[in-house]
Participant: 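The structure is given below, and queries will be raised subsequently.
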2 protein chains.
Amino acid sequence: MDYDKYAHEPFAVTVDLAVLTVTEGTLHALLVERGQEPYAGHWALPGGFVHPDESAETAARRELAEETGLSDVSGLHLEQLRTYSEPDRDPRMRVVSVAFAALLPDPPEPHGGSDAAEARWVPYDKAGPLAFDHDRILADAHELVGAKLEYTCLATAFCPPEFTLGELQQVYETVWGTTLDRPNFRRKVLATPGFVEAVPGAARLTGGRGKPAALYRAGPATALHPPLLRPSPEGRPA
Amino acid sequence: MDYDKYAHEPFAVTVDLAVLTVTEGTLHALLVERGQEPYAGHWALPGGFVHPDESAETAARRELAEETGLSDVSGLHLEQLRTYSEPDRDPRMRVVSVAFAALLPDPPEPHGGSDAAEARWVPYDKAGPLAFDHDRILADAHELVGAKLEYTCLATAFCPPEFTLGELQQVYETVWGTTLDRPNFRRKVLATPGFVEAVPGAARLTGGRGKPAALYRAGPATALHPPLLRPSPEGRPA
DNA sequence: CCCTTTATGGTCAGGATGACTAATAGTCCT
DNA sequence: AGGACTATTAGTCATCCTGACCATAAAGGG
């Protein structure tokens with residue numbers, strides 16, 4: 001890198017967050033309503049400028065805390081998605097945005113943060129046309145999370161500290177948009193060492209009817225070997 | 001994103017390229033020798049500033065062409081890796097770098113490009129301490145490529161337009177640092193529709209001894225279902 | 001001509017997966 | 001309280017995929 005050969009144009013660097021959660025069997029994204037031009041009145045992904053003294057990861061975590069009002073953002077899963085740098089993605093100036101996907105277990109009531117007119121959880125399908133290239137960012141986040149569910153233990157990031165296998169399966173089904181066989185899912189998860197570990201105090205749960213389910217915690221494993229492949233819709237995704 | 005709330009500090013945005021190739025059964029990376037401070041005399045990944053009118057992808061492709069001297073960079077595989085944005089990663093100023101992994105079939109002789117004192121192919125293992133955080137970027141690129149070989153058809157990007165299954169297997173073995181069973185590898189590859197397609201003119205090849213191998217081309221498939229998992233070194237990667 | 005080398009073809013057992021059936025243990029309704 | 005309902009948990013069975021092999025074919029080199 002030769003920094004002195006070209007006059008380096010200044011860029012603005014932002015972070016955009018695709019904050020995802022699973023509630024009521026549906027994938028939700030956290031959106032904010034823009035208060036100013038451009039795209040005033042449109043919905044957009046939360047985000048903001050990277051400060052001079054922080055990394056993109058730090059900025060993303062700060063924005064996440066501001067936007068969700070959560071105090072403990074340190075334990076949340078943050079995944080760097082991709083960087084979007086098309087020259088015309090912001091009509092006002094040259095903005096390079098580092099996008100992150102954040103996974104939340106329980107969706108807290110979003111209080112329209114510092115700079116957002118309003119913040120709301122919106123079902124993924126109904127996340128209408130968003131400002132800037134945020135539609136694509138959100139779609140990319142969905143795809144990334146869906147793929148990572150296959151070969152990592154990421155799914156537990158959508159669950160509270162203690163969860164049932166039914167809840168874990170719900171995460172897979174919701175993100176993938178499919179249904180899975182319950183006994184098979186159970187067998188697979190339990191056969192993967194370190195994925196989940198049973199909570200010894202044979203606890204129970206569920207506010208509904210049916211047999212109480214055993215509780216599990218996220219295990220130390222991060223990778224899934226062999227992976228848990230989502231069913232191919234057709235013959236083969238060629 | 002509220003662009004007017006904070007005075008947005010200007011950042012310099014660069015691209016860094018981890019250009020990888022497989023030659024003589026070894027993974028090689030393209031490195032350039034820095035001509036100026038900081039890290040003068042050290043080796044580094046090729047890269048440079050993103051121009052005001054181009055995206056990071058475009059900049060990466062341009063730098064790749066300059067650095068390798070290849071005229072046809074359009075067909076080469078470029079994969080966005082990650083963005084590195086630690087505030088202190090460059091001692092002089094605030095630089096945010098979008099890193100890419102580039103995969104080459106035949107390593108052309110690198111002509112020390114416009115701004116590089118010298119450019120050279122270096123075996124991956126011997127890519128000593130690099131400038132800035134480029135050691136980590138290179139390692140991340142290796143890990144990404146290794147993972148993508150498992151569940152995508154990326155391996156053909158390391159091969160010339162027509163190749164033998166032996167060469168394809170070589171790619172896997174070199175990147176993963178393992179050995180694979182030849183008949184099993186063959187069976188797996190041929191059983192995946194769209195991965196490779198035989199060249200009808202039952203051509204042959206190889207400059208050495210042994211039975212001539214059939215030639216194949218890259219197929220239309222991009223994903224590998226089910227994946228081609230690398231052998232787990234120990235019991236289970238927990 | 002024999003040996004080495006590489007490619008290709010095939011077998012065979014074990015593991016993983018998908019499709020089901022059945023039993024268990026609770027809540028809800030009447 | 002009893003029965004209906006529901007969700008969890010357990011288990012079976014055939015099939016596919018995989019890893020570990022062995023065998024054959026087609027070249028080149030002594």
Side-chain angles (χ1 to χ4, degrees), chain A residues 24-25 149-151 159 162-173 176 178-193 195-199 202-216 223-237, chain B residues 24-25 149-151 159 162-173 176 178-193 195-199 202-216 223-237:
Chain A
E24 303 154 17
L149 286 189
E150 290 191 328
Y151 52 94
C159 297
E162 298 191 341
F163 52 88
T164 69
L165 291 186
E167 293 169 337
L168 188 65
Q169 180 174 351
Q170 180 88 287
V171 169
Y172 276 89
E173 293 181 334
W176 286 349
T178 60
T179 67
L180 300 174
D181 182 80
R182 202 174 262 273
N184 290 343
F185 179 82
R186 173 189 196 74
R187 187 205 334 165
K188 174 69 181 174
V189 170
L190 295 181
T192 303
F195 192 0
V196 298
E197 41 194 39
V199 174
R204 29 136 78 226
L205 185 88
T206 184
R209 44 203 181 279
K211 176 175 177 177
L215 285 179
Y216 293 86
L224 236 52
H225 262 287
L228 181 49
L229 300 174
R230 61 186 130 180
S232 25
E234 320 140 46
R236 296 278 155 155
Chain B
E24 302 154 19
L149 286 188
E150 290 192 328
Y151 52 94
C159 296
E162 300 192 338
F163 52 87
T164 69
L165 291 185
E167 292 169 339
L168 189 65
Q169 180 175 350
Q170 180 87 281
V171 169
Y172 276 89
E173 293 181 335
W176 287 349
T178 60
T179 67
L180 299 173
D181 182 80
R182 204 174 260 271
N184 290 343
F185 178 82
R186 174 189 196 74
R187 186 206 337 170
K188 173 70 182 173
V189 170
L190 294 181
T192 304
F195 191 1
V196 298
E197 39 194 39
V199 174
R204 31 135 79 227
L205 186 89
T206 182
R209 45 201 180 280
K211 177 176 176 176
L215 285 179
Y216 293 86
L224 236 52
H225 262 286
L228 181 49
L229 300 174
R230 60 186 132 181
S232 25
E234 318 140 47
R236 296 277 155 160

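Everything numeric here is computed off the predicted structure, so don't read it as measured data. Sequence lines set the chain letters: A, B, ... in the order given, protein chains first and strands last, and positions in each chain run from 1.
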Participant: Given D:dT18, D:dT9, C:dA7, identify the nucleotide with an atom nearest to the side chain of B:P226.
Facilitator: D:dT18
Participant: Does A:Y172 have any ring pair (Phe, Tyr, Trp, His ring centres under 6.0 Å) partners at least two apart in sequence or in another chain, and if so, which?
Facilitator: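 Ring pair (Phe, Tyr, Trp, His ring centres under 6.0 Å) check on A:Y172 returns A:W176, A:F185.
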Participant: Side-chain contact, heavy-atom cut-off 4.5 Å: A:L165 with A:Q169?
Facilitator: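 With C-beta onward as the side chain, the pair stays apart.
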Participant: Using a 4.0 Å cut-off on heavy atoms, which residues in residues 178-188 of chain B reach DNA chain D? List them by number, or say none.
Facilitator: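 Under 4.0 Å from DNA chain D: B:D181, B:P183, B:N184, B:R187, B:K188.
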Participant: Quickly work out the B:L215 CG to C:dT6 P distance and round it to whole Å.
Facilitator: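 Spelled out: CG on B:L215 to P on C:dT6 is 17 Å.
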Participant: Taking all heavy atoms of A:K188 and all of A:P227, pick out the closest pair and write down the distance.
Facilitator: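 In this case the closest contact between A:K188 and A:P227 is NZ-O, 3.5 Å.
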Participant: Write down the distance between CG (B:L168) and P (C:dT6), rounded to a whole number of angstrom.
Facilitator: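 That distance rounds to 18 Å.
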Participant: Please state how far atom NZ in B:K211 lies from atom P in D:dA26, giving the value in whole angstrom units.
Facilitator: 6 Å
Participant: Over how many whole Å does the gap from B:Q169 atom CD to C:dA7 atom P extend?
Facilitator: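 Atom CD in B:Q169 sits about 8 Å away from atom P in C:dA7.
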Participant: Just how far, in rounded Å, is C1' of D:dC16 from CG of B:L229?
Facilitator: 15 Å
Participant: Rounded to the Å, how far apart are B:H225 NE2 and D:dC16 C1'?
Facilitator: 16 Å
Participant: Could you pick out which residue, B:L228 or A:Y216, lies toward the 5' side of DNA chain D when each is mapped onto its nearest nucleotide?
Facilitator: A:Y216
Participant: Within the side chain of B:E167, is there an N or O that forms a donor-acceptor pair under 3.5 Å with the backbone of B:T164?
Facilitator: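 Pair found, side chain donor or acceptor close to backbone of B:T164.
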Participant: Of all the heavy-atom pairs spanning B:E162 and B:V199, show the shortest one and how long it is.
Facilitator: OE2-CG2, 3.7 Å
Participant: Would you mind reporting whether B:L229 and A:Y151 have side-chain heavy atoms less than 4.5 Å apart?
Facilitator: no
